[in-house]
Amino acid sequence: MIKHCASMPTKEDKEKFFSLISEKPWLIPSTVLLEMIPVSIVAYGFMKNRRLKKRLQIEHQKTVREYIKKSDSGKLTQEEFYYLKHI
């Protein structure tokens, strides 16, 4: 069975890396910035999704309360009564 593992960096690879960084130091901030963009998009989407879920729960509770108020007064339609039973 052949295992595919990442190769270990050689001394030559390390020297190339450090020479590249010393020649072009602007690569570090630009690389970090490129990595931060997707992370920030994911974080924004997660927070927006949480807010919308909470708002949906609040609206659902309001709807249930309205149906309960209507059921006390006896003004429910057949569909509303079915919905209230299956919440």
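In what follows, residues are counted from 1 in the order of the sequence shown. Quantities reported herein were computed from a predicted structural model and do not represent experimental measurements.
Atom CZ of R51 and atom NZ of K48 lie 7.0 Å apart (nearest 0.5 Å). Considering CD1 of I58 and OG1 of T63, their distance stands at 12.0 Å, rounded to 0.5 Å.
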**Prompt:** Does the salt bridge (charged side-chain N to carboxylate O under 4.0 Å, His left out) test come out yes or no for R55 and E59, once each step is laid out?
**Reply:** CA-CA 6 Å; R55 215 197 273 154; E59 290 299 321; over 6 Å; no
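A salt bridge does not link E66 with K62: none of the charged nitrogens is closer than 4.0 Å to a carboxylate oxygen.
Every residue two or more places apart in sequence or in another chain that forms a side-chain contact (heavy atoms from CB on, under 4.5 Å) with K53 is listed here: N49. Taking the side-chain contact (heavy atoms from CB on, under 4.5 Å) definition, one finds that L34 meets it with nothing, sequence neighbours left out. Listed by chain and residue number, K11 satisfy the side-chain contact (heavy atoms from CB on, under 4.5 Å) test with E15 (two or more places apart in sequence, or in another chain). The side-chain contact (heavy atoms from CB on, under 4.5 Å) check on R65 picks up Q61, with sequence neighbours excluded.
L20 forms part of a hydrophobic cluster together with W26, L27, judged by ILVMFWY side-chain heavy-atom separations under 4.5 Å. Other residues sharing the hydrophobic cluster of V39, ordered by chain and number and joined by side-chain separations under 4.5 Å: none, the residue standing alone.
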